[in-house]
Asker: 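Mind having a look at this structure? Questions to follow.
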Amino acid sequence: MPHLHAIFPLPSNSKPFRHSNIFSSSSSSFSSSAPIRRRLPRTFSPSKHPNLKRLTSRIVQLTRRRQLHQILEETENAKREYGKLNTIVMNAVMEACVHCGDVDLALNIFHQMIQPHSCGVDTVTYATLLKGLGRARRIDDAFQLLESVEKGTAAGKPKLSTQLIYGLLDALIEAGDLRRANGLLARFGFLLREGGSSSILTYNLLMKGYINTGCPQAAINLHEEIQLLGLEPDRLTYNTLIFACVKAENLEAAMRFFKEMKDKAQRLCCSDLYPDVITYTTLLKGFGHAKDLHSVQKIVLEMKSCHDLFIDRTAFTAMVDAMLNCGSIKGALCIFGEILKQAGANVDLRPKPHLYLSMMRAFADRGDYNMVKNLHERLWPDSAGTISLAAQQEADHLLMESALNNGQIDAAVENLTKIINRWKCISWTSRGGMVALRIEVLLGFNKSMLSPYLLPQVLPGNPIERIMLPLETVRPLSGSLELKKVVMRLYREPVVPIIDDWGSCIGLLHREDCCEINAPLSTMMRSPPPCVTTTTSIGHVVDLVLKKKYKMVIVVKHSNLNGTTHGSRAVGVFTAEQLHNLVAPVPEGLKQKHTVRRSLTMF
């Protein structure tokens with residue numbers, strides 16, 4: 001069939017956000033063009049200590065919102081008003097920098113704090129900085145900092161403690177770097193050993209690391225080692241093991257740990273071992289994915305029977321998602337109604353947009369246009385939190401899909417018109433894109449809304465090697481060359497392939513990425529480049545170019561890529577310019593001859 005193609009540019013007026021370092025000596029960034037009022041000079045009395053608890057709470061709130069620039073501005077204002085701030089406040093500012101991913105600014109604050117007349121540093125300061133260095137994968141700097149603490153040469157003379165080790169260990173495991181995490185345990189693990197063996201917290205972190213790296217079975221195997229060492233698993237241990245079992249799709253093992261958890265809590269009369277809302281939510285996700293409705297209903301009933309268990313919004317959402325995955329629309333509706341009822345007395349239970357979209361997907365599949373329309377209308381006034389642009393776009397697509405599945409062609413066309421006018425673009429590979437394609441087929445060429453293009457010169461099923469450009473014709477550049485030697489090449493061409501000394505394509509250099517005239521090309525290229533094999537169909541490559549907006553795709557000889565071109569020899573390229581030259585609009589004669597009967601035939 002003809003290959004359709006529609007491109008709608010989406011204008012963007014957003015500008016990159018920049019923040020200045022307010023800890024510099026200059027305060028010109030806070031100057032204003034407004035007239036300056038005459039005020040009495042404010043003096044700070046060292047004998048009267050200011051109450052900085054409100055400022056600390058304010059920094060914590062802004063940290064959750066990731067408003068780092070506002071934190072820096074208010075901190076500078078407080079310094080001008082009160083003078084020197086204490087270590088607690090500055091630790092909160094450093095935590096904000098780490099939370100927002102600006103470890104360089106955190107280091108700058110650290111150096112400010114260790115100055116002779118500054119507030120000084122403590123163990124919390126070092127733990128926060130180590131966590132930030134670990135998240136930024138600056139492991140060498142983190143180890144150097146730990147060694148200076150161990151040798152006693154670090155500023156403030158902090159003691160090497162478990163708090164410092166656990167902070168860095170958790171950051172490494174979150175980043176999925178188990179090799180470095182095990183190296184950290186081998187180097188400083190003596191601090192974490194209780195009675196000659198590692199603590200249960202260490203094993204909890206290791207299990208989380210194995211799960212994050214896609215090895216849940218390795219996390220489950222650690223349970224035997226925990227038992228051999230005589231360590232007592234806590235609630236976090238059991239929750240992590242159950243989560244690993246769900247990831248490994250071993251629900252029988254998950255229920256064994258769940259039963260062991262409850263039996264042990266009853267035997268020891270330990271309330272801290274009883275399953276919490278995280279335990280039940282994890283099991284709901286597992287059985288929902290397995291489409292085991294009976295087990296889902298059993299867990300929901302047990303949750304509602306626990307008087308000491310508070311079912312929060314996340315747990316209610318997991319119930320609805322599990323019911324929908326099992327195909328129980330009535331069960332999902334009952335729980336959804338219960339959420340709305342309880343949300344009247346507790347605003348923290350108001351459903352998030354995700355829950356509305358989950359319900360809309362289920363009813364759109366059934367063609368229940370009225371229900372999807374009601375959910376679409378109540379999404380804005382009744383949901384909690386921010387409704388992202390992606391969520392808004394999907395909601396519009398689901399409304400169009402439900403109308404089409406219900407047989408209301410005119411309503412579907414009307415919704416598609418609104419989508420085109422509002423969003424200006426639609427991805428063919430998305431759920432909404434497939435619905436739009438069905439509407440296009442129903443309307444036919446003579447009433448097309450998206451101005452389709454044809455590929456008359458090629459067949460989408462043919463291999464890409466038939467129309468690719470040989471690599472030699474696009475003249476790839478060596479990655480060791482400096483930009484100043486080939487700058488005119490980038491003026492003429494928007495993208496150029498980059499090769500190494502052995503002739504392998506290692507990346508693509510885009511014109512908009514050229515920012516350092518004296519830098520090697522390899523430092524500015526995008527790597528690895530998008531690649532396909534010579535046997536890949538032309539239609540798949542065209543879809544890839546349209547979906548990802550690639551300007552160039554590398555064609556390689558080998559078939560086993562594993563997502564990279566390493567070890568595969570590049571033989572050609574396919575560019576967006578080639579695609580532009582291949583497409584052609586639908587001829588007027590074809591529009592008049594070809595019409596498609598309006599029906600709801602699926603394809």
Asker: Indicate yes or no: at least one non-hydrogen side-chain atom of Pro353 is less than 4.5 angstrom from one of Leu379.
Answerer: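 Touching, per the 4.5 Å side-chain cut-off.
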Asker: Are side-chain heavy atoms of Ile467 and Asn462 found at a separation under 4.5 Å?
Answerer: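 No, their side chains stay 4.5 Å or more apart.
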Asker: For the NE2 atom on His289, are there more than 12 heavy atoms of other groups (residues, nucleotides or ligands in this structure) within a distance under 6.0 Å?
Answerer: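 No - once you tally the heavy atoms of other residues, nucleotides and ligands closer than 6.0 Å, there are 12 at most.
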Asker: Hey, is Lys131 close enough to Glu95 for a salt bridge, meaning N to O under 4.0 Å?
Answerer: yes
Asker: Looking at CE of Met400 and NZ of Lys418, how far apart are the two atoms once the value is rounded to the nearest 0.5 Å?
Answerer: 12.5 Å
Asker: Kindly give the heavy-atom pair with the smallest separation between Arg350 and Pro381, and that separation in Å.
Answerer: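 Looks like NH2-O, 2.8 Å.
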Asker: Are more than 12 heavy atoms from other residues, nucleotides or ligands located less than 6.0 Å from atom CZ of Arg64?
Answerer: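 Incorrect, the count does not exceed 12.
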Asker: Step through the shown structure and confirm whether more than 12 heavy atoms of other residues, nucleotides or ligands are within 6.0 Å of CD on Glu516.
Answerer: no
Asker: Testing the 3.5 Å rule here: is there a donor-acceptor pair between the side chains of Asp321 and Ser358?
Answerer: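 Indeed, the side chains of Asp321 and Ser358 share at least one donor-acceptor pair under 3.5 Å.
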Asker: Tell me every residue that passes salt bridge (charged side-chain N to carboxylate O under 4.0 Å, His left out) with Lys298, counting only those two or more places apart in sequence or in another chain.
Answerer: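 Counting only residues at least two positions away or on another chain, Lys298 forms no salt bridge (charged side-chain N to carboxylate O under 4.0 Å, His left out).
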Asker: Any chance you could measure Leu284, atom CG, to Thr314, atom OG1, to the nearest 0.5 Å?
Answerer: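 Here the rounded value is 12.0 Å.
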Asker: If you look only at pairs with a residue in residues 339-358, which of them pass as a ring pair (Phe, Tyr, Trp, His ring centres under 6.0 Å), with sequence neighbours excluded?
Answerer: Phe336-Tyr356
Asker: Any side-chain to backbone donor/acceptor pair from Arg422 onto Gln393? Under 3.5 Å, distance only.
Answerer: no
Asker: Between Arg431 and Glu394 (salt bridge meaning N to carboxylate O under 4.0 Å), is one present in this structure?
Answerer: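 The answer is no: the pair does not qualify as a salt bridge.
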